[in-house]
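Contents: one structure, followed by commentary.
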Amino acid sequence: TRFNSFTVDGVKQNDDFGLNNSGYVSNRSPISLDAVEQVSVLTSPWDVQYSGFQGGVINVVTRSGTNEFSGSAYYYYGDDSLAGDKTRDRNVNLTFEEKTYGATFGGPIIQDKLFFFLNYEKFDRTGPVNVGPRGSGFPVEQPEISQADFDQVRSISQSVYGFDPLAVPATVPEQAEKWLVNFDWNISDLHRARLSYQRTDDFDTAGVPDNLGNRQYFAPSNWYERGYKLDQYVVQLFSNWTDVLSTEFKYAKKKVRNRQEPLNGLGFSEVRITTTNPAPIPTGTLFIGPDVSRHANKLENDQDQAKFRAEYLMGQHTLSAGVEWEKLDVFNLFVATSRGQAFFNSIADFQARRANRYAYGNAVTNDANDAAAEFAYSNTALYVQDRWQVADSLTLTFGVRHERFDSSDVPRFNQGYFNRYGFANTETLDGRDLTLPRFGFEWEAGERTTITGGVGLFGGGTPNVWVS
């Protein structure tokens, strides 16, 4: 999914950093289906106004109000009573519940002139935990970690260390809320404008064991709440100056905040305890305390986007040209093991406070915040294109797009890095550019047959997690 671009009203809502498996800017889809007017899917589009991908573009156009007031309300529900409880000869007791409800409402503020559209949706789910220790009764049991050992470790952690690794729950929560507000203004017969606000706020529970792997089990204190919050503002102006000349202007601002919070806080190290088992079961490892990658983990990014595009009709040719500008500001705090990581060879060693190894990593100031990456860069694009209607059944498209990256932020020089690798760590994207020529054709070979093709260059999907 990271090779594609997902846009809402022409504004990118991809994962700008590059870590989200869904490719979205949120855990779930950032837009409600009931807010969607239409969807277009373009695979390798030859139109040079599209960029920032290597696969295709999925664009969602959201709904507008009309001269009549209208609305809808909906509710969906599901739980374990509506699902099966047996697999082959084994009874399985899964506990889950999910609800989705929302509403839309739109209409005129001024007849034929000014309209509004509102949408709200909430998704609320408690999903089943499928994997537990051996003897726990969960549908899948990790054989190398017994429930007795889990309970003993939890008791020791509470009494000796004052930290609760937490009992394994039957369910974990997931939630998503989505808002959309659109105002559409028919300024005149030739000009119209749109103002939009969108918010998505969701979270799920990550780190939950979902398969048998590596003879390990992670206690709930090692799980974490993973949340995303999106706020987006868009202003658009569409103008038809003459019968042959039209323009489009757009400005958008997108703010994304990411949180990763361990279920029992950051007041403890991550601890790995080796457990022993009767033959032939091998030893296992039980993890308690906050996961090392959550010890100092905070991500924020703000994106500004501006676009101006003009289109001119000249006989059988549709000429277009445009300029686009994007700026991305990133704040990324990630310092693994800044709360420490302890290794114990046995439960008895854990009780005796006798670790066989301890790992710790932090900024040189011993303050993890000083190791955060904070930078910004911009991308300016210019493009021109000719769409030529050669015949009623044949259209040719010729175009070229040029993009340039600019950044004034330079990493602090690291002498140790230079000594080790022989080159400096101060390189950035500043001054890098990309030229994207494209040619495409569309041939209507028959009433039911259309053949399309072309050749060109595509680029995008910047892996900012690597840059930071």
Side-chain ([X]) to main-chain ([Y]) donor-acceptor, under 3.5 angstrom:
X	Y	result
Lys178	Gly102	no
Arg259	Arg226	no
Asn297	Ser293	yes
Gln341	Glu270	no
Asn301	Leu328	no
Trp46	Gly453	yes
Asn119	Thr104	no
Glu141	Gly137	yes
Ser157	Phe163	yes
Gln198	Pro30	yes

List the steps and the verdict of side chain to side chain donor-acceptor pair (under 3.5 Å) for Ser407 and Asp409.
CA-CA 6 Å; Ser407 178; Asp409 295 326; 4.7 Å; no
Begin from the C-alpha positions of Val208 and Asp210 and carry the test side chain to side chain contact (heavy atoms under 4.5 Å, CB included) through to its verdict.
CA-CA 6 Å; Val208 181; Asp210 58 2; over 6 Å; no
Any salt bridge linking Lys255 with Asp302? Criterion: basic side-chain nitrogen under 4.0 Å from a carboxylate oxygen.
no
Check this for me, if you would: do Glu326 and Lys254 make a salt bridge, where the nitrogen-to-carboxylate-oxygen distance has to be below 4.0 angstrom?
no
Check each of Phe53, Tyr50, Phe3 against Phe458 using the ring pair (Phe, Tyr, Trp, His ring centres under 6.0 Å) test, and report the only one that passes.
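Single pass found, and it is Phe53.
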Mind running side chain to side chain contact (heavy atoms under 4.5 Å, CB included) on Phe115 and Asn182 for me, showing each step along the way?
CA-CA 8 Å; Phe115 311 92; Asn182 282 343; over 6 Å; no
With under 30° as parallel and over 60° as perpendicular, where do the rings of Phe268 and Tyr161 fit, or are they tilted in between?
perpendicular
Parallel, tilted or perpendicular: ring planes of Tyr217 versus Phe150, cut at 30 and 60 degrees
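Perpendicular, since the angle between the ring planes exceeds 60°.
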Closest heavy-atom pair and its distance - [X], [Y]:
X	Y	answer
Pro220	Ala167	CG-O, 3.3 Å
Ala381	Glu403	CB-CG, 3.8 Å
Asn464	Phe375	O-CZ, 4.3 Å
Arg309	Asp47	NH2-OD2, 4.5 Å
Gly107	Phe69	CA-CD2, 3.8 Å
Lys250	Val11	CD-CG2, 4.1 Å

Rounded distance (nearest 0.5 Å) linking atom [atom1] of [X] with atom [atom2] of [Y]:
X	Y	atom1	atom2	answer
Glu144	Thr274	CD	OG1	12.0 Å
Thr426	Asn414	OG1	CG	10.5 Å
Asn379	Lys327	CG	NZ	13.5 Å
Gln147	Arg154	CD	CZ	10.0 Å
Arg125	Thr171	CZ	OG1	9.5 Å
Asp430	Tyr377	CG	OH	13.0 Å

For [X], I'd like to know if atom [atom1] has over 12 heavy atoms of other residues, nucleotides or ligands within 6.0 Å.
X	atom1	value
Trp185	CH2	no
Leu19	CG	yes
Arg192	CZ	no
Tyr75	OH	yes
Glu427	CD	no

Looking at side-chain heavy atoms only, is the closest gap between [X] and [Y] below 4.5 Å?
X	Y	result
Asn59	Leu42	no
Asp304	Tyr251	yes
Ser26	Leu230	no
Lys229	Arg199	yes
Val8	Thr62	yes
Glu174	Thr205	no
Glu324	Arg401	yes
Thr428	Pro411	yes

Verify whether one side chain among Asn277 and Arg134 offers a donor that lies under 3.5 Å from an acceptor in the other.
yes
Pair Asp184-Ser64, side-chain donor/acceptor within less than 3.5 Å:
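Short answer, yes.
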Relative to Tyr228, does Arg28 satisfy both conditions: NZ or CZ under 6.0 angstrom from the six-membered ring centre, and within 45 degrees of the ring's axis?
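Because its charged atom misses either the 6.0 Å distance or the 45° angle limit, Arg28 does not stack over Tyr228.
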Pair Phe423-Tyr417, ring pair (Phe, Tyr, Trp, His ring centres under 6.0 Å): steps then yes or no
CA-CA 8 Å; Phe423 58 91; Tyr417 183 96; 5.7 Å; yes
Scan residues 354-366 for pairs that pass side chain to side chain donor-acceptor pair (under 3.5 Å), counting only residues two or more places apart or in two chains.
Ser269-Tyr358, Asn345-Asn356, Asp349-Arg354, Tyr360-Asn362, Tyr360-Asn366, Thr365-Asp370
Pairwise side chain to side chain donor-acceptor pair (under 3.5 Å) hits with a residue in residues 328-339, at least two apart
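Pairs touching residues 328-339 that pass the test: Asn332-Ser468.
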Decide yes or no on side chain to side chain contact (heavy atoms under 4.5 Å, CB included) for Glu121 and Thr100, but give the supporting numbers first.
CA-CA 7 Å; Glu121 180 176 287; Thr100 302; 4.0 Å; yes
Take Phe116 and Phe183 through the ring pair (Phe, Tyr, Trp, His ring centres under 6.0 Å) test and state the conclusion after the steps.
CA-CA 5 Å; Phe116 73 94; Phe183 293 100; 7.2 Å; no
Residue pairs passing the salt bridge (Lys or Arg N to Asp or Glu O under 4.0 Å) test where at least one lies in residues 274-291, sequence neighbours excluded:
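Those involving residues 274-291 are Asp291-Arg294.
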With ring centroids as reference points, do Phe287 and Trp223 lie under 6.0 angstrom apart?
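No, too far apart.
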Please determine whether side chain to side chain contact (heavy atoms under 4.5 Å, CB included) holds for the pair Asp9 and Arg194, giving the CA-CA distance in whole Å, both sets of side-chain angles, and the decisive distance to 0.1 Å.
CA-CA 10 Å; Asp9 292 326; Arg194 164 175 277 199; 3.4 Å; yes
